[in-house]
Amino acid sequence: MNILVLSDSHAALSFMRLCIDRIKPDEVIHLGDYYEDAQCLQEEYGHIPFHIVPGNCDRYRCDPDLPCVLCYEIDGIKMLMTHGHHYHVKMGIGGLVAEARRRGAGLALYGHTHCPDCHCEDDGLWVVNPGTCGSYGGTAAIITTKDQKISACRIITQADLEDRIEVQ
């Protein structure tokens, strides 16, 4: 299964559409900052399941009662999904990592910083920030799962998509 992870679109939809059209993901995760961008794409690509959390810029853009954190299994992998501002990720990811471990997640997904990050902690917890899909050409993350485990995780750029990357 290929999962496309996006964040911080800030009303720029073209890179996100390019990602979906080229990668043809099985699922899409949008980690906030502009929630309605993800809703728009969800309508356009109704055959693909979307998982969406609001970001700090969404405070007045969507229902204030929407959960800021989602934590459930996708393809057998428990994922913590959040924009990250409640965990102060611009100051470091320690709080986010601790929360993911507390919830028994195998993958912690966050945005907010606009800085791509994709790494595996010593205990096997994957931590992924797709960067921003809304500026500077855009970045996103692709998580590939197989047999209910993460088999690959990487950051992609617009140049990767223009080169028609191969997704396993």
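Position 1 is the first residue of the sequence; numbering continues from there.
Residues Met81 and Val69 fall into different hydrophobic clusters, defined by Ile, Leu, Val, Met, Phe, Trp and Tyr side chains chained together at heavy-atom separations under 4.5 Å. If you chain together hydrophobic residues whose side chains sit under 4.5 Å apart, Tyr72 and Trp126 fall into the same group.
Using a 30° and 60° split on the angle between ring planes, His112 and His83 fall in the perpendicular class, above 60°.
Applying the 6.0 Å contact sphere to CZ of Arg17 captures more than 12 heavy atoms from other residues, nucleotides or ligands.
Under the 4.5 Å side-chain criterion, counting only non-hydrogen atoms from C-beta, Phe50 is not in contact with Glu27. In this structure, Tyr87 and Val97 have side chains that are not in contact, with every pair of non-hydrogen atoms separated by 4.5 Å or more. By the 4.5 Å heavy-atom criterion applied to side chains, Val28 and Pro49 are not counted as neighbours. In this structure, Gln158 and Phe15 have side chains that are in contact, with non-hydrogen atoms separated by less than 4.5 Å. A 4.5 Å side-chain heavy-atom check between Leu161 and Ile23 finds at least one atom pair inside the cut-off. Counting heavy atoms from C-beta on, the side chains of Lys146 and Met1 never come closer than 4.5 Å. The side-chain heavy atoms of Leu66 and Tyr35, taken from C-beta on, include a pair separated by under 4.5 Å.
Considering Gln39, His10, Arg61 as possible partners of Tyr34, the one that fulfils the side-chain hydrogen bond (donor to acceptor under 3.5 Å, both in side chains) test is Arg61. Partner Asn129 forms a side chain to side chain contact (heavy atoms under 4.5 Å, CB included) with one of Asp117, Thr139, Val5, Ile155 and no other, that one being Asp117. With respect to Asn2, the side-chain hydrogen bond (donor to acceptor under 3.5 Å, both in side chains) criterion is satisfied by exactly one of Asp75, Thr144, Asp26: Thr144.
Of the possible donor and acceptor atoms, none in the side chain of Lys149 sits under 3.5 Å from a partner among the backbone N and O of Gly76.
The two atoms that bring Ile52 and Ala38 nearest to each other are CD1-CB, 3.7 Å, heavy atoms only. Smallest separation of non-hydrogen atoms from His86 and Cys68: NE2-SG, 3.5 Å. Between Gly131 and Asp8, the shortest heavy-atom distance links the atoms O-OD2, 3.9 Å. Closest of all the heavy-atom pairs between Cys118 and Val128 is SG-CG2, 4.1 Å. Closest approach of Leu31 to Ile29, counting heavy atoms only: CD2-CG2, 3.6 Å. For the residue pair Leu6 and Ala140, the shortest heavy atom distance occurs at CD2-CB, 3.7 Å.
The SG atom of Cys153 sits 6.5 Å away from the CG atom of Leu107 when rounded to the nearest 0.5 Å. The distance from the CD atom of Glu36 to the CD atom of Glu43 is 11.5 Å, given to the nearest 0.5 Å. In this structure, SG on Cys71 lies 5.0 Å from CG on Leu80, to the nearest 0.5 angstrom. The CE atom of Met79 sits 3.5 Å away from the CD1 atom of Ile3 when rounded to the nearest 0.5 Å. Taking CD1 of Ile74 as the start and OG1 of Thr145 as the end, the distance is 9.5 Å to the nearest 0.5 Å. For the atom pair Asp33 CG and Cys133 SG, the distance stands at 10.0 Å (nearest 0.5 Å).
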Under the side chain to side chain contact (heavy atoms under 4.5 Å, CB included) criterion, do Leu41 and Ile20 qualify, and how do the steps go? CA-CA 9 Å; Leu41 291 177; Ile20 293 170; 4.2 Å; yes
So Glu121 and Arg101, side chain to side chain contact (heavy atoms under 4.5 Å, CB included) or not? Walk me through it. CA-CA 11 Å; Glu121 296 279 311; Arg101 287 179 176 141; 3.3 Å; yes
Test side chain to side chain donor-acceptor pair (under 3.5 Å) on Ser9 and Asp37; report intermediate values, then the result. CA-CA 7 Å; Ser9 49; Asp37 293 351; 2.6 Å; yes
List the steps, then state whether side chain to side chain contact (heavy atoms under 4.5 Å, CB included) holds for Ser7 with Thr132. CA-CA 5 Å; Ser7 189; Thr132 176; over 6 Å; no
Got a list of side-chain donor-acceptor pairs under 3.5 Å for residues 88-95, not counting sequence neighbours?
none

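Side-chain atoms of Asp21 and Tyr45 include a donor-acceptor pair closer than 3.5 Å.
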